[in-house]
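These notes concern the structure reproduced below.
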Amino acid sequence: MKIAPSILSANFAELKKDVSTVEQAGAEYLHIDIMDGHFVENLTFGANVVQALRPYSKLVFDCHLMVDRPEDYISELATAGADVIGAHIEATPHIHRVLSQIKAAGVKAEVVINPGTPISMITEVLPLVDQVLVMTVDPGFGGQAFLPETLKKVEELAQYKRDTGAQFEIEVDGGINDETIKQAAKAGATVAVAGSYVFGDEPAKKVALLKAAVADQ
């Protein structure tokens with residue numbers, strides 16, 4: 001299980017320091033939530049933050065677009081140093097085109113689904129993606145409680161991988177802590193986003209606890 005601390009819950013005044021802390025603690029990804037105030041109510045980071053952090057970290061920069069018109073963000077994020085770009089199926093009627101544009105930009109492509117969206121909505125693009133992000137809370141704000149019913153979708157994706165030999169990562173995002181990460185790992189998740197749990201207090205310790213929690217899975 002790869003750990004992906006979300007900087008949505010980091011100290012914005014000490015962002016470089018917080019990123020360094022979780023990287024040194026053994027995190028593999030850095031989850032960067034990009035919100036436009038339209039697809040979700042919150043407004044957060046853009047490509048400028050990705051570009052500013054890129055020289056200081058070797059983590060996989062996992063950029064989660066919670067925006068209308070995700071296609072408008074791809075080129076700038078790729079140039080800024082994104083490694084993965086995720087687009088919501090709910091944000092565009094042209095998800096195949098968007099994912100193809102991400103891959104054409106030389107970046108790994110991720111499709112994202114909300115808690116109320118079934119796997120059947122993304123089946124046709126699964127052969128195209130490098131990662132699927134299953135939202136385990138409703139998107140837009142940190143600190144929400146994990147929705148256990150979303151694990152059925154993780155299980156379904158894991159079965160799809162077994163049946164087809166697909167190699168995409170299965171990422172979960174929302175309400176992840178040292179208990180819920182065990183449930184996600186058991187269901188078949190391979191990447192776990194954790195924001196408020198990690199950055200709420202002692203980030204290095206929390207990354208270690210997450211990794212220990214799934215060490216035997």
Does a salt bridge link [X] with [Y], judged by any charged N lying under 4.0 Å from a carboxylate O?
| X | Y | result |
| --- | --- | --- |
| Lys152 | Glu149 | no |
| Arg54 | Asp83 | yes |
| Asp36 | Arg69 | no |

Could you give the distance from CZ (Phe39) to CD1 (Ile34), rounded to the nearest 0.5 Å? 13.5 Å
Under a single-linkage definition using a 4.5 Å side-chain heavy-atom cutoff for Ile, Leu, Val, Met, Phe, Trp and Tyr, are [X] and [Y] assigned to the same hydrophobic cluster?
| X | Y | value |
| --- | --- | --- |
| Val22 | Tyr197 | yes |
| Ile85 | Val98 | yes |
| Phe168 | Tyr29 | no |
| Val60 | Ile74 | no |
| Val198 | Leu59 | yes |

Quickly, which of Val40, Asp173, Leu65, Ile7 forms a side chain to side chain contact (heavy atoms under 4.5 Å, CB included) with Asp33? Name it, please.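 When side chain to side chain contact (heavy atoms under 4.5 Å, CB included) is applied between Asp33 and each of Val40, Asp173, Leu65, Ile7, only Asp173 qualifies.
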Strictly by modelled atom types, are Asn177 and Thr180 linked by a side-chain donor-acceptor pair under 3.5 Å? yes
Do the side chain of Thr123 and the main chain of Ile119 share a donor and acceptor less than 3.5 angstrom apart?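 Yes, because the side chain of Thr123 sits within donor-acceptor range (under 3.5 Å) of the backbone of Ile119.
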Which of these, Lys2, Lys108, Lys161, sits in a salt bridge (Lys or Arg N to Asp or Glu O under 4.0 Å) with Glu169? Lys2
Can Asp62 and His64 be said to form a side chain to side chain donor-acceptor pair (under 3.5 Å), step by step? CA-CA 6 Å; Asp62 177 25; His64 174 193; over 6 Å; no
